[in-house]
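What you see is a predicted model, and the numbers here were worked out from it, not measured in a lab.
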Amino acid sequence: MPMRRFQEALLGQVRQTFPELAEIPEQILTVPPDPAMGDLCLQAFPLAKALRRPPQQIAEEIATGAAGLPGFSKVDQQGPYVNFFLDPVALAKAVLGEAAERGEAYGNPELGAGQTVVVDYSSPNIAKPFGIGHLRSTVIGAALYRLYRATGYRVVGINHLGDWGTQFGLLLAACEDEGDEAALEADPVEYCYRLYVDYSKRRDHDVTIADRARQWFKRLEAGDQAAVVLWTRIRELSLREFDQVYGRLGVSFDYVRGESYYNQRLEATLEVVREAGLLQEDAGALIVDLSDLDMPPGLLAKSDGASTYLLRDLAAAMSRAEDFSFDRCLYVIGSPQALHMQQLRAVLAKLGCPWAEGMVHVNFGHILGMKTREGNLIFLNQVLDEAAQRSRAKVEENQQRGWTEGDIDVLAIAEAVGLGAIIFNDLKQNRVHDITFDWDRMLNFDGDSGPYLQYAYSRTGGILRKGECEVVAEYDAGAFAQASEHDRALLVALANMSLAVERSVVDNAPHHLCQYLLELATMFSRWYTNHQVLGSGEWEAPRLAVVHAVRQALGNGLRLLGITPLERM
RNA sequence: GCGCCUGUAGCUCAGUGGAUUAGAGCAUCGGACUUCGGAUCCGAGUGUCGGGGGUUCGAGUCCCUCCAGGCGCGCCA
């Protein structure tokens, strides 16, 4: 983590200049607004209060003390700011050396040694289509999973399937009436979904259907043979279909534990709440009063005795705490469930579970306008197919122009580019914003897009192939004493990777890494349009080392996001 | 009615615990190298950072208030 090292050097210098300060606040570290002013900056404001001296004077002392600090070529005080220029040779040595040494681990700061994180993500409902709405939880959760693992955490990924609840009573009732084995076999999810929608409508007019649905669910919870057999079959058929999508997205889980998994713990969980004196009966239902926290009561059991979502999540949380003793548990679930998550944490806090502190709602805005004109859901598979189709034309065009020499698998590349566009589109912005579904924006291949990053990566491959330099050769980092603006900007960008990864982990926000990778790819694109690598004489070897480093950083970043780096496209 | 979230360029968005001159992409217009791939690069223009007040030497960023939009608010999950 080269940039961090330079930052530490500056902080150390400040510590030495002002030994009377017990602590040096990190906020003094900033970046000048214009690269021409320097690469790193120390601002004196945060120190002014503690030292009781004017910022300007403090800056002067820092600047004086930092003169000749190794690793920096110039120190320039501007009022309360002290701007530092990195010595390009030291920078190049640090960055290129680390990229070559750490390889696949380049850019990953060590943050989580000895800590465990549970990530609850994707979590679709069985017997319903895998819609575009589930994409967000899947993609964000999978990215966080990889980010945590890369930074040294032990990570447990759980797919918390929606495979329990009254809704399955309705489905079972429908199957009882119209069970069509052939239709179920042919397209299980589609068939179940159609039945479900149909019976939901009929339930509104027909009370007997609602009653039968409740009865079926009670039978299911009681372990009734017929109910369990049918439910198990539907669950397995659904999972088989989901697995196709997961395979396509390159997503996997350590555990597929749906809500049903916690079924046998529900009684015990209820008992825990009762013993804590928190359980109250209200109109036949069992609730936990949360009015002291200005929250509506949490409903644990309905008046007919059936469990609720909240009770099942309570049981799940306790089970996870027992099984994994997590330090953090991320719930990658949409923003509309904010109240539910608050209630869950509140009940656990009342029960005296200290680990509930580590539960984080990694919320995200939902996708608007994702229905067709007829009001049908847009299936994820349709979107992925469309993405692959759009990119295919471009791949074939490139192939015809001879840009993708050798044997290439056009379909595989088209698929990877399409996925790159869709995944990046979902990760590049702050997760809390709602996303308006828009084919053209989602499948944009220009500018700030997944394919833009993949393209930059493939260019590194192109250069290395052409030059037959797949391995980093000997080079003289001293050449960078004459570094151009583009060289410097690219080296600085490379050095910043671990800072971006760190921010993504700390905030549970993959978009920081996305923004960083765009910056890196942009700097690389500018660099290679301005600097010839192959055949550039004494520059060739050092520049090839830069290409290798960019390739490593971009490749690592793309893999963290779940996007395939491509050699050719 | 109450609660949570959001409001930055025509559009979609970045903008680290306040700090040097608010930035990208898309779209529009104009341009680029006979050498490593034009899914690229360069240039141009547009901002009451939703409105108003406050704290501060300094606010897109913190506090209050109003407006607009979204989402929630016990037997769906």
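Here Pro80(A) lies out of heavy-atom contact (under 4.0 Å) with every strand. Within 4.0 Å of Asp294(A), counting heavy atoms only, lies no atom of the nucleic acid at all. Ala306(A) comes within 4.0 angstrom of no nucleic acid atom, judged by non-hydrogen atoms across all strands. Residue Gln43(A) is in base contact, counting any heavy-atom pair closer than 4.0 Å across all strands shown. Residue Val417(A) is classed as a base contact, given a heavy-atom separation below 4.0 Å to a base. At the heavy-atom level, Arg465(A) lies nowhere under 4.0 Å from the strands shown. Among the protein residues, Leu534(A) comes within range of the nucleic acid bases, having at least one heavy atom under 4.0 Å from a base atom. Note on Met569(A): a base of the nucleic acid sits closer than 4.0 angstrom, heavy atoms only. Using a 4.0 Å heavy-atom distance criterion, Gln532(A) is classed as a base contact. Gln27(A) comes within 4.0 angstrom of a nucleotide base, judged by non-hydrogen atoms across all strands. Across all strands shown, Val288(A) has no heavy atoms under 4.0 Å from either base or sugar-phosphate atoms. At a threshold of 4.0 angstrom between heavy atoms, the contacts of His512(A) are confined to the sugar-phosphate backbone, with no base atom among them. Counting non-hydrogen atoms under 4.0 angstrom, Asn398(A) reaches a base of the nucleic acid. Using a 4.0 Å heavy-atom distance criterion, Asn83(A) is classed as a base contact.
G72(B) is paired with C2(B) under the criterion used here, namely a Watson-Crick or G-U wobble arrangement in which both key atom distances are under 3.5 Å. Checking A59(B) for Watson-Crick or G-U wobble geometry (two distances, each under 3.5 Å) identifies no partner in any strand. Base-pair partner of A27(B): not found among the strands shown (Watson-Crick or G-U wobble, both distances under 3.5 Å). Across every strand in view, U16(B) sits unpaired, with no contact that passes the Watson-Crick or G-U test at under 3.5 angstrom. G7(B): Watson-Crick or G-U partner is C67(B), with both key distances under 3.5 Å.
Between Ser458(A) and Val31(A), the residue whose closest nucleotide on RNA chain B is further toward the 5' end is Val31(A). The residue among Asp448(A) and Tyr309(A) whose nearest nucleotide of RNA chain B is located toward the 5' end is Asp448(A).
Taking 4.5 Å as the limit, every side-chain heavy atom of Phe364(A) sits out of range of all side-chain heavy atoms of Asp434(A).
Rounded to whole Å, the separation between the P atoms of U46(B) and C2(B) comes to 43 Å. Here the separation of G45(B) from C33(B), taken at their P atoms, is 23 Å to the nearest Å. Taking atom C1' in both C62(B) and G17(B), the straight-line distance is 11 Å, to the nearest Å. Taking atom P on both A24(B) and U20(B), the two are 16 Å apart, rounded to the nearest angstrom. G3(B) sits 38 Å from G23(B) when the P atoms are compared, rounded to a whole Å. Across A14(B) and A9(B), the matching C1' atoms stand 13 Å from one another, rounded to whole Å. Spacing of C1' atoms, G7(B) relative to U12(B), comes out at 14 Å, to the nearest Å. Here, U61(B) and G18(B) have their C1' atoms 6 Å apart, quoted to the whole Å.
Between His531(A) and Ser484(A), the side chains place a donor N or O and an acceptor N or O closer than 3.5 Å (distance only, hydrogens not considered). Judged by distance alone, the side chains of Gln78(A) and Asp76(A) do bring a donor and an acceptor atom under 3.5 Å apart. In this structure, a donor-acceptor pair under 3.5 Å is absent between the side chains of Ser307(A) and Lys302(A).
In this entry the base of G38(B) is anti relative to its sugar, with a glycosidic angle more than 90° from 0.
Contact footprint of chain A on RNA chain B: nucleotides with an atom under 4.0 Å from a non-hydrogen protein atom, first to last in 5' to 3' order, U6(B) to A77(B).
Annotation: side-chain contact (heavy atoms from CB on, under 4.5 Å) contacts of Arg52(A) (sequence neighbours excluded): none.
Using bins of under 30°, 30° to 60° and over 60° for the plane-to-plane angle, the ring pair His340(A)/Tyr309(A) lands in the parallel bin.
The existence of a salt bridge linking Glu405(A) and Arg465(A) is confirmed by a sub-4.0 Å separation between a basic side-chain nitrogen and an acidic carboxylate oxygen. Under a 4.0 Å N-O distance rule, the pair Asp39(A)/Arg488(A) qualifies as a salt bridge. Under the 4.0 Å criterion applied to side-chain N and carboxylate O atoms, Glu567(A) and Arg459(A) are not assigned as salt-bridge partners.
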